[in-house]
Amino acid sequence: MRYWLMKSEPADCSIDDLATMPNQTVAWYGVRNYQARNFMRDQMKIGDLAFFYHSSCPRPGIAGIVCIASAAYPDDTQFDPKSRYFDPKSSQEEPRWLNVDVKLVEKTPFVDLSVLRDTEALASMRILQKANRLSITPVDAEEWRTITTRLMKPKT
DNA sequence: GCCAACGTTGGC
DNA sequence: GCCAACGTTGGC
């Protein structure tokens, strides 16, 4: 099994929004980048774990943990002319964009981006590299362990 | 709102 | 297949 980091804009879907969804599950729609799509299509497996990351917001950082709850399937929003994610070049016959379902595992103590940056063991994390724009990135097991065991400890 | 970095598009 | 122009991302 693999680990991931998935970005969401909290104005769109925050960790608290996810918690109120039926079955605490949501389709990770709106990915319009081939590399991120291919991660979902080729490498994600049901049961993989991912950090739920808040981006493009006043306080960027990791807000919780989700698990991958489905295989990749066509993203409905690409067919909807009213959606901001509509893609006129896609078709039902040959869908261009996919999504997976993710399910909340837990809301964790918030780990600020600045804290991630200050953690030497995470220096090579994708999310911390300059101009990282991928909305889905792999996280290696060592990085996962550093974050969950060292940075998510509730303050005492 | 700025701007750097990167992906995509389309003319040639 | 090159590459300039353009759009988008996302932290600050």
Side-chain angles (χ1 to χ4, degrees), chain A residues 2-21 26-44 48-68 71-102 104-140 142-144 146-148 150-153 155:
Chain A
R2 291 185 158 93
Y3 298 106
W4 304 93
L5 182 143
M6 301 172 80
K7 293 182 192 171
S8 181
E9 301 187 14
D12 204 27
C13 180
S14 71
I15 192 85
D16 293 325
D17 294 333
L18 176 58
T20 67
M21 300 281 182
V26 73
W28 203 265
Y29 60 84
V31 170
R32 295 294 180 268
N33 170 284
Y34 289 105
Q35 210 180 336
R37 181 204 66 182
N38 293 347
F39 282 144
M40 292 194 286
R41 187 188 62 192
D42 304 332
Q43 296 191 31
M44 275 186 176
D48 283 0
L49 294 174
F51 291 127
F52 188 105
Y53 179 90
H54 284 179
S55 76
S56 293
C57 59
R59 195 181 173 195
I62 295 170
I65 294 174
V66 297
C67 71
I68 307 306
Y73 62 96
D75 176 345
D76 278 340
T77 62
Q78 71 195 302
F79 307 125
D80 177 3
K82 293 193 296 289
S83 169
R84 62 187 277 217
Y85 298 115
F86 178 62
D87 183 351
K89 293 181 188 158
S90 188
S91 69
Q92 296 275 356
E93 295 71 33
E94 279 190 81
R96 181 181 287 202
W97 304 112
L98 305 173
N99 56 199
V100 296
D101 291 340
V102 303
L104 181 65
V105 172
E106 59 175 328
K107 181 176 176 177
T108 61
F110 196 87
V111 182
D112 287 277
L113 175 59
S114 59
V115 171
L116 296 173
R117 287 200 192 287
D118 287 345
T119 305
E120 210 162 321
L122 301 176
S124 61
M125 255 189 102
R126 280 294 275 284
I127 189 78
L128 302 178
Q129 304 314 305
K130 207 171 189 184
N132 147 74
R133 291 169 52 191
L134 267 186
S135 56
I136 298 176
T137 51
V139 172
D140 70 39
E142 196 61 28
E143 293 163 350
W144 184 273
T146 297
I147 293 169
T148 53
R150 279 172 53 192
L151 305 183
M152 286 181 172
K153 287 237 167 67
K155 305 276 184 297

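Every chain is numbered from 1 and lettered A, B, ... according to where its sequence line falls, protein lines coming before strand lines. We use all heavy atoms of the structure for the numbers below, so side chains are in, but hydrogens, waters and symmetry mates are not.
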Asker: For L116(A) and dG11(C), give me the distance from atom CG to atom P, rounded to whole Å.
Answerer: 11 Å
Asker: Using only side-chain N and O atoms of Y85(A), determine if any of them is under 4.0 Å from OP1 or OP2 of dT8(C).
Answerer: no
Asker: Measure from the side chain of Q35(A), starting at C-beta and using heavy atoms only, and say which of dG10(B), dG7(B), dT8(B) lies closest.
Answerer: dG7(B)
Asker: Output the distance between atom CG (N132(A)) and atom NZ (K7(A)), rounded to the nearest 0.5 Å.
Answerer: 4.0 Å
Asker: To the nearest Å, give me how far apart CG (D87(A)) and C1' (dG7(B)) are.
Answerer: 15 Å
Asker: Any side-chain donor-acceptor pair under 3.5 Å between S14(A) and D17(A)?
Answerer: yes
Asker: What is the distance, to the nearest angstrom, from the CZ atom on R96(A) to the P atom on dT9(B)?
Answerer: 6 Å
Asker: Grab the CG-C1' distance between N132(A) and dG10(C) for me, whole Å please.
Answerer: 9 Å
Asker: So does K7(A) get a side-chain nitrogen or oxygen closer than 4.0 Å to the phosphate oxygens (OP1/OP2) of dT9(C)?
Answerer: no
Asker: For R117(A) and for R84(A), locate the closest nucleotide of DNA chain C by heavy-atom distance; then report the residue assigned to the nucleotide nearer the 5' terminus.
Answerer: R84(A)
Asker: Assess the pair F51(A) and W144(A): is the distance between their ring centroids shorter than 6.0 Å?
Answerer: yes
Asker: Do F39(A) and V31(A) come close enough that some side-chain heavy atom pair is under 4.5 Å?
Answerer: no
Asker: Would you kindly give the OH-to-P distance between Y34(A) and dG7(C), to the nearest whole Å?
Answerer: 18 Å
Asker: Could you tell me how far apart L128(A) (CG) and dG11(C) (C1') are, to the nearest whole angstrom?
Answerer: 12 Å
Asker: State which of dA5(B), dT8(B), dG10(C) makes the closest approach to the side chain of R133(A).
Answerer: dA5(B)
Asker: Please pick, from dA5(B), dG7(B), dC12(C), the nucleotide with the shortest atom-to-atom distance to any side-chain atom of K130(A).
Answerer: dA5(B)
Asker: Is a salt bridge present between D112(A) and R117(A), judged by a nitrogen-to-oxygen distance below 4.0 Å?
Answerer: no
Asker: How long is the line joining CG of L113(A) and P of dT9(C), in whole Å?
Answerer: 18 Å
Asker: If I take atom CD in residue Q129(A) and atom P in nucleotide dG7(B), what distance separates them, rounded to the nearest angstrom?
Answerer: 14 Å
Asker: Check every atom of dG11(C), dT9(B), dG7(B) against the side chain of S55(A) and return the nucleotide holding the closest atom.
Answerer: dG11(C)
